[in-house]
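Everything below concerns the one structure shown next.
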Protein chains: 2
Amino acid sequence: MTPRADHLTVEVVDLIGTVVARYHEEYEHAASQHSLTGAQARVLGLLSAEPLPMRRIAQRLKCEPSNITGIVDRLESRGLVERRPDPADRRVKLAAPTDEGRRTAEALRGSLHFAREPLSRLTVTERTLLKELLQRMLGTAPE
Amino acid sequence: MTPRADHLTVEVVDLIGTVVARYHEEYEHAASQHSLTGAQARVLGLLSAEPLPMRRIAQRLKCEPSNITGIVDRLESRGLVERRPDPADRRVKLAAPTDEGRRTAEALRGSLHFAREPLSRLTVTERTLLKELLQRMLGTAPE
DNA sequence: TCCTGATGCTTCAGTAACTGAAACAACCAT
DNA sequence: ATGGTTGTTTCAGTTACTGAAGCATCAGGA
C-alpha cells in the first residue's frame, strides 16, 4: 500500500510544482516593480509585521545571520529599514521598517496578483475546500 | 463583488505561501544532498527529460541565456552534462546529461520527499479533489 | 554570389545572495 | 572576575544573475 509513484500523486505534485513556479514568478515580478530583489522583499515583508533581531530573520528565512547583514544593509541604505538597539540586550539590533518601508511593503502586498487572479476562478465553496485540503496536507489542520 | 482581501482568500493565499516555502526547502535540501545547487538541479532535471539547446533552457527557466552558460559550465565540469553540436544548426549547442547525470537526476527525484510525505495525509478521493481544484485554479482544467 | 540582418552562444563587468570562519562585544553562570 | 555562550559584523570565496559586446552561423534578398 505504498504508493511509490502512483499516477494521481505524481499529477498532484506536478500541479504543486506549477503553482510554486507561478507564485515565484509573480513574487519576483512584484518585488522588482518596487526595485527590490526577492530576498529584500521577503525581509521587508517580515519586518512590516513586527521589528525583529537579525538572528530571528535568519531563522525565519533559514539562512546564516551573516547573510541578513547584507540584505538589511541594502534596505537600510535605501531608507526602507532602520537598525535600532534592543533595550533589553545591547548585543541585539532590531531591524524595523521606516514609514517609507511600511508603505513599500503595503504596496507590494497590493501588487501580488496571485492573491486574486487565480483564486477568483474558484467559488467560495471551492476555496473553502481547497483551504481545508491544504491544511490537512500541511498538517496544520485544527485537529 | 470584488473580494479585495476577503478573509478566506487571504487564508488560502497564506497556505499556498507555506506550501511554496516548504516545497523550496525540500528541493534545495535534496539538491544539496547531491552537492548541487537549486539552479543546477533544475537544469539537470530539465535535461534528463530531453537534451535542449541553451536558449531553450533559458526560456524555460525565464532567465538570460548568458546565465545558463555558467550553470551548464559547472555541471559539465562535474561530468554530469555534456555539450553536443546540433547537426541541423552549427550555432546551436545541445546540453545533454551524461550517464552519471541521468543517474543523479534519478536519485534526486527519489529524494524529493514532497511527493510522498505531505500528500500521504490525504485519501485518494481528497487527492483527486485537490488535483481538480488546482487545475481549475491554474486555468489548465480540461474544459 | 555577396550583403545584410537576425539568431545562438560565450565573454566580460558588475551586483546580489549566500556560506563558513574569525573577530568583537555583551551576556550569564559560576 | 572567569569563562563559555550568544548576536552581529567583517571577510574571503562561490554561485546566480543581468546587460552589453563579440563571434560565428544562418537565411533572405538583390
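Chain letters run A, B, ... following the sequence lines, proteins first, then strands; residues in each count from 1.
A:D73 has its CG atom 14 Å from the C1' atom of C:dC18, to the nearest Å. The CG-P distance, from A:L36 to C:dT15, rounds to 18 Å in whole Å. Distance CG (B:L94) to C1' (C:dC9): 12 Å, rounded to an integer number of Å.
With sequence neighbours left out, the side-chain contact (heavy atoms from CB on, under 4.5 Å) criterion links A:T123 to A:T125, A:E126.
Across B:I68 and B:C63, no two heavy atoms sit closer than the pair CD1-SG, 3.6 Å. Taking each heavy atom of B:G45 and B:S48 in turn, the nearest pair found is O-OG, 2.8 Å.
In this structure the side chain of B:T37 never reaches within 4.5 angstrom of the side chain of B:E28, judged on heavy atoms. B:L36 places a side-chain heavy atom less than 4.5 Å from the side chain of B:L75.
Among the atoms of the strands shown, base atoms are found under 4.0 Å from some heavy atom of B:T69. Here A:R83 lies in heavy-atom contact (under 4.0 Å) with sugar-phosphate atoms only. Using a 4.0 Å heavy-atom cutoff across all strands shown, A:R56 reaches no nucleic acid atom at all.
The residue among A:R55 and B:G38 whose nearest nucleotide of DNA chain D lies closer to the 5′ end is A:R55.
Interatomic distance, CG of A:L61 versus CG of A:N67, reported as 8.5 Å (0.5 Å rounding).
Electrostatic pairing of B:E82 and B:R84 counts as a salt bridge here, judged by a charged N lying under 4.0 Å from a carboxylate O. The existence of a salt bridge linking A:E100 and A:R103 is excluded, since no basic side-chain nitrogen approaches an acidic carboxylate oxygen closer than 4.0 Å.
Taking every nucleotide of DNA chain D with any atom under 4.0 Å from a non-hydrogen atom of chain B, the first and last of them, 5' to 3', are D:dT15 to D:dC26.
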Contact letters for nucleotides 19-30 of chain C, in which S counts primed atoms plus P, OP1 and OP2 and B counts the base, heavy atoms under 4.0 Å
BBB----BS---
